[in-house]
Every structure is written in C-alpha cells, then in structure tokens.
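Below: one structure, written as structure tokens.
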Amino acid sequence: MKLKIIVGTASDNALYAAQAIQTALAGELNAIDVVLANAHTTGEILEVGADEVVLVCTSTHGNGDVPENLLPLYADLDAHPRYLGALRYGVIALGDSFYGETFAAGGKLFDARLQDLGAQRMGDLFTIDASEMPDAEPEAVQWAQVWVAQWLKPGGDR
Ligand SMILES: Cc1cc2nc3c(=O)[nH]c(=O)nc-3n(C[C@H](O)[C@H](O)[C@H](O)COP(=O)(O)O)c2cc1C
C-alpha cells in the first residue's frame, strides 16, 4: 500500500507534520509521498490507484480558510467536479482553538468537498490544536500510526 500526503500550509507546521509521518511510517508502507500543493495542483492529484490512500494534512488561515497553497486544488474541485468514489482518504486539520468557531476549518472544508465528490474518508478527521500542542509532529505521527494500522490489518477499512 502507498500513501500520498497532500499538504496545505502557510508556515510549514503541516509540512513538518507530514514529513514526520513520512519518516515514522516508512517501514510500514511501500511508498509515502509528501506533496506540497501549489498553484498548479489540480484534482488530477486525487486520481490514485487502488493501492494508494491519500492523507490531506492542512492548516487553517485567514478567517477559517484553506491555506493559500491548497486553494487552487480546493477551487479546482469546485470548478471541475469529478467523481471520487474510488478515493480513500484521511484528514489531519491543524488549527488553533484561539480562533473559536473557525477552529480547524481549513481541513473541515476540504473534507466536506471530498465528501461531496463521493470520496470515502477512513476514520475520523483528526484535529491538532496549536494552543494545546505547539509541536504538531508527535501528535500527527501517533495518530497516523493508528490510522494506517487500521486500514492495513486484514479485513481492515480498505
Ligand atoms: C493569520 C492566521 C490566521 C489563522 N486563522 C485560523 C483560523 O481561522 N482557525 C484556526 O483554527 N486556526 C487559524 N490559524 C492557526 C493556524 O492554523 C495554526 O497556527 C497552524 O498550526 C499553522 O500551521 P501551518 O504552519 O502549517 O500553516 C491562523 C493562523 C494565522 C497566522
């Protein structure tokens, strides 16, 4: 099984979390790619094979928005909707409860868009609160280890 981690970030916390997962889980999976979304990222990135799972690891910026680097992909999925029924994915949503009701909204918005397109989320969306946990990496790794073990186990969620 392979994992593609798509990163949305403004100041690299989400990127470091993704890279920590890549390192920690290297022995568990055949390949782990970390992809920093950019202006040219389109929905094509979500066309993965049956042996691949996607993890969206994104922070929240502005007023409960998807970070700027992930916005082109988010917008493309709206402008050019595609059926994503074969996509299995997870979400790590970084945020800060200091921002109140927009807490972790970037990841939640992205999750909702994938759900609208028929994609199948494996497990619950995982939030990391910068007010409680300034260092997101160990949190992300701990969650990802359990999450991956869940869908790798025989008869697991895959
Ligand atoms: C200008 C700005 C706006 C933010 N807005 C929100 C927000 O609306 N909701 C939230 O949960 N976190 C918000 N955050 C907190 C970030 O999501 C959080 O610090 C996160 O760890 C940043 O990760 P990154 O370095 O990967 O971008 C904001 C941070 C900044 C600097």
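Counting convention: from 1, in listed order, for ligands and their atoms alike.
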Nearest 0.5 Å, please: how far is [atom2] in [Y] from [atom1] in [X]?
| X | Y | atom1 | atom2 | value |
| --- | --- | --- | --- | --- |
| Leu3 | Trp147 | CG | CH2 | 5.5 Å |
| Thr127 | Asp96 | OG1 | CG | 11.5 Å |
| Arg88 | Arg121 | CZ | CZ | 15.0 Å |
| Ile6 | Phe110 | CD1 | CZ | 6.0 Å |
| Gln19 | Glu137 | CD | CD | 8.5 Å |
| Asp116 | Leu84 | CG | CG | 10.5 Å |

4.0 Å heavy-atom contact, Gly62 with ligand 1 | yes
Within less than 4.0 angstrom of ligand 1, does Pro67 place any heavy atom?
-> no
Ligand 1 versus Ala104: contacting region, heavy-atom distance under 4.0 Å | backbone
For ligand 1, is any non-hydrogen atom under 4.0 Å from Asp12's backbone (N, CA, C, O), its side chain (CB onward), both, or neither?
->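 The answer is the backbone.
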[atom]: nearest protein contact (heavy atom, Å):
| atom | answer |
| --- | --- |
| atom 1 (C) of ligand 1 | His61 ND1, 4.3 Å |
| atom 26 (O) of ligand 1 | Thr9 OG1, 2.6 Å |
| atom 25 (O) of ligand 1 | Ser11 OG, 2.6 Å |
| atom 23 (O) of ligand 1 | Ser59 CB, 3.1 Å |
| atom 4 (C) of ligand 1 | Tyr99 CZ, 3.4 Å |
| atom 9 (N) of ligand 1 | Thr102 O, 3.0 Å |
| atom 17 (O) of ligand 1 | Thr60 O, 2.7 Å |
| atom 21 (O) of ligand 1 | Asn13 ND2, 3.1 Å |

At a 4.0 Å threshold, what atoms of ligand 1 neighbour a non-hydrogen atom of Leu94?
->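 Ligand 1 atoms under the 4.0 Å threshold to Leu94: 17 (O).
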Enumerate the atoms of ligand 1 whose separation from the nearest heavy atom of Gly95 is less than 4.0 angstrom.
->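 Heavy-atom distances to Gly95 below 4.0 Å select 10 (C), 11 (O), 12 (N), 17 (O).
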Any donor and acceptor pair, going by atom type alone, linking the side chain of Gln120 with main-chain N or O of Gly85 inside 3.5 Å?
-> yes
Any donor-acceptor pair under 3.5 Å linking the side chain of Lys4 with the backbone of Ile45?
-> yes
Apply side chain to side chain contact (heavy atoms under 4.5 Å, CB included) to Ser59 and list each qualifying residue two or more places apart in sequence or on a separate chain.
->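 With sequence neighbours excluded, Ser59 shows a side chain to side chain contact (heavy atoms under 4.5 Å, CB included) to His61, Pro67, Leu94, given in chain and number order.
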Step by step, would you call Asp111 with Tyr89 a side chain to side chain donor-acceptor pair (under 3.5 Å)?
-> CA-CA 9 Å; Asp111 178 46; Tyr89 74 98; 2.6 Å; yes
Under 3.5 Å: N/O of [X] near N/O of ligand 1:
| X | value |
| --- | --- |
| Ala10 | yes |
| Gly64 | yes |
| Asp96 | yes |

Please determine which of Leu36, Leu73, Asp76 meets the side-chain contact (heavy atoms from CB on, under 4.5 Å) test together with Thr41.
-> Leu73
